Amino acid sequence: MTDHVHALSFGAAAAAYDQNRPTYPVDAVTWAAGGPPPRRVVDLGAGTGKLTRVLLSAGYDAVPVEPDPKMRARLADATPGTTALAGSAETVPLPDGGADAVVAGQAYHWFDPERAHPEIARLLRPGGTFAAIWNRRDDSVPWVAELTVITHDQPAVHGGFDPGDELSFGDTYFGPVERAEFHHSTTQTPESLVALVATRSYYLVATPEHRAEIDAAVRRLCAEHPALAGRETFELPFQTFAYKAQVLRS
């Protein structure tokens with residue numbers, strides 16, 4: 001599942017990632033956290049703090065953990081009073097049994113499950129919750145489906161896992177997995193859509209020539225598709241898929 005080249009590609013575009021990636025719906029985050037605030041929630045693979053900030057604004061005691069120093073620096077700049085711990089899903093610098101929940105936003109597909117699952121279970125109090133959550137563009141909308149074809153943003157990029165599929169955390173450390181789906185959207189312009197695509201891992205590791213081809217194709221889509229042509233702004237719909245399970249031991 002883990003692809004370290006892609007997983008560690010985001011730091012070079014930390015500011016753009018933070019500015020252009022979508023946030024998460026509050027109802028999805030509350031569901032993933034396993035209960036109302038004030039629960040102590042470890043945000044594992046926190047990136048620039050998109051999920052951390054939703055947790056904090058909802059009243060949770062959020063503890064972000066992130067391996068990339070550039071992403072941690074952006075999180076600190078964008079989230080006053082919060083500093084992310086340096087660590088990965090496989091090695092978390094926190095004590096045993098101190099968390100009510102561990103969540104991973106847009107990150108679980110980068111984890112090494114054989115090492116990450118026991119580490120996450122170690123962090124959780126008895127009865128604690130582990131959740132993975134993803135935003136995915138809603139390809140049921142025709143122009144969004146065309147965008148996916150243009151960008152080749154396929155499940156293989158996520159280690160073969162397609163957010164929206166059934167997901168198992170195994171039966172050693174966690175119980176049955178619950179699944180929920182939520183919906184939201186972000187307001188885009190043609191140029192902000194190009195900027196959003198430019199934060200994806202496949203784009204960040206692409207050649208300059210391939211990046212230019214993708215940029216041109218996205219701009220062409222915005223100029224020519226009947227749903228977008230002539231519009232200065234438009235809504236980009238997202239599905240948010242969340243999965244959670246209760247720890248069996250900690």
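All of these numbers come straight from a predicted model, not from anything done at the bench. For the single chain, residues carry numbers from 1 onward in sequence order.
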Could you tell me which residues satisfy salt bridge (charged side-chain N to carboxylate O under 4.0 Å, His left out) with [X], sequence neighbours excluded, listed by chain and number?
X	value
R115	none
R72	none
D27	none
E114	none

Looking only at atom types and distance, does a side-chain atom of [X] sit under 3.5 Å from a main-chain N or O of [Y], one as donor and one as acceptor?
X	Y	answer
K50	R21	yes
E66	G47	yes
E224	A229	no
N135	T23	yes

Inset, instruction - Quick one: do D61 and V41 satisfy side-chain contact (heavy atoms from CB on, under 4.5 Å)? Show the steps, please. - result: CA-CA 6 Å; D61 176 13; V41 182; over 6 Å; no
Legend entry - Ionic contact status for D18 with R53, cut-off 4.0 Å: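 Yes, charged N to carboxylate O under 4.0 Å.
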Restricting to side-chain hydrogen bond (donor to acceptor under 3.5 Å, both in side chains), what partner residues turn up for [X], sequence neighbours left out?
X	result
R179	none
E181	H183, Q239
S88	E90
S185	E235

[atom2] on [Y] to [atom1] on [X], rounded to 0.5 Å:
X	Y	atom1	atom2	answer
T189	L228	OG1	CG	11.5 Å
L44	W110	CG	CH2	15.0 Å
T52	D43	OG1	CG	3.5 Å

Legend entry - Short side-chain donor-acceptor distance under 3.5 Å, T148 and E146: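 Note: E146 and T148 side chains miss the donor-acceptor criterion.
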Legend entry - Side-chain donor-acceptor contact under 3.5 Å, Y243 with E166: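 No pair is found: no donor N or O on one side chain lies under 3.5 Å from an acceptor on the other.
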Legend entry - CA sep, side-chain torsions, deciding dist, call: I133, Q106, side-chain contact (heavy atoms from CB on, under 4.5 Å): CA-CA 6 Å; I133 181 170; Q106 226 73 16; over 6 Å; no
Inset, instruction - May I ask you to test the T172-H117 pair for a side-chain heavy-atom distance under 4.5 Å? - result: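 No, too far: nothing below the 4.5 Å cut-off.
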Inset, instruction - Classify the ring geometry between F130 and F169 as parallel (under 30°), tilted (30 to 60°) or perpendicular (over 60°). - result: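 F130 vs F169 ring planes: tilted.
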Inset, instruction - Compute the centroid of each ring, for H184 and then for F238, and state whether the two points are separated by less than 6.0 Å. - result: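 Yes, close enough.
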Inset, instruction - Evaluate the criterion side-chain contact (heavy atoms from CB on, under 4.5 Å) for residue pair L221 and W143; output intermediate values, then yes/no. - result: CA-CA 8 Å; L221 174 71; W143 78 262; 4.1 Å; yes
Table please: side-chain donor-acceptor pairs of residues 93-102 below 3.5 Å, with sequence neighbours left out.
from, atom 1, to, atom 2, distance (Å)
D96, OD1, R122, NH1, 2.6
D100, OD1, R125, NH1, 2.8
D100, OD2, R40, N, 2.8
D100, OD2, R125, NH1, 2.9

Legend entry - Residue pairs involving residues 203-216 (criterion salt bridge (charged side-chain N to carboxylate O under 4.0 Å, His left out); sequence neighbours excluded):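 Of all non-adjacent pairs touching residues 203-216, none passes salt bridge (charged side-chain N to carboxylate O under 4.0 Å, His left out).
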Legend entry - Contact list for residues 79-88, test salt bridge (charged side-chain N to carboxylate O under 4.0 Å, His left out), sequence neighbours left out: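 Residue pairs passing salt bridge (charged side-chain N to carboxylate O under 4.0 Å, His left out), neighbours aside: none found.
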Inset, instruction - Start with the C-alpha distance between I214 and V194, add both sets of side-chain angles, then the distance that settles side-chain contact (heavy atoms from CB on, under 4.5 Å), and finish with yes or no. - result: CA-CA 8 Å; I214 294 172; V194 171; over 6 Å; no
Legend entry - Whichever hydrophobic residues join F182 through chains of side-chain contacts under 4.5 Å: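 W31, listed by chain and number.
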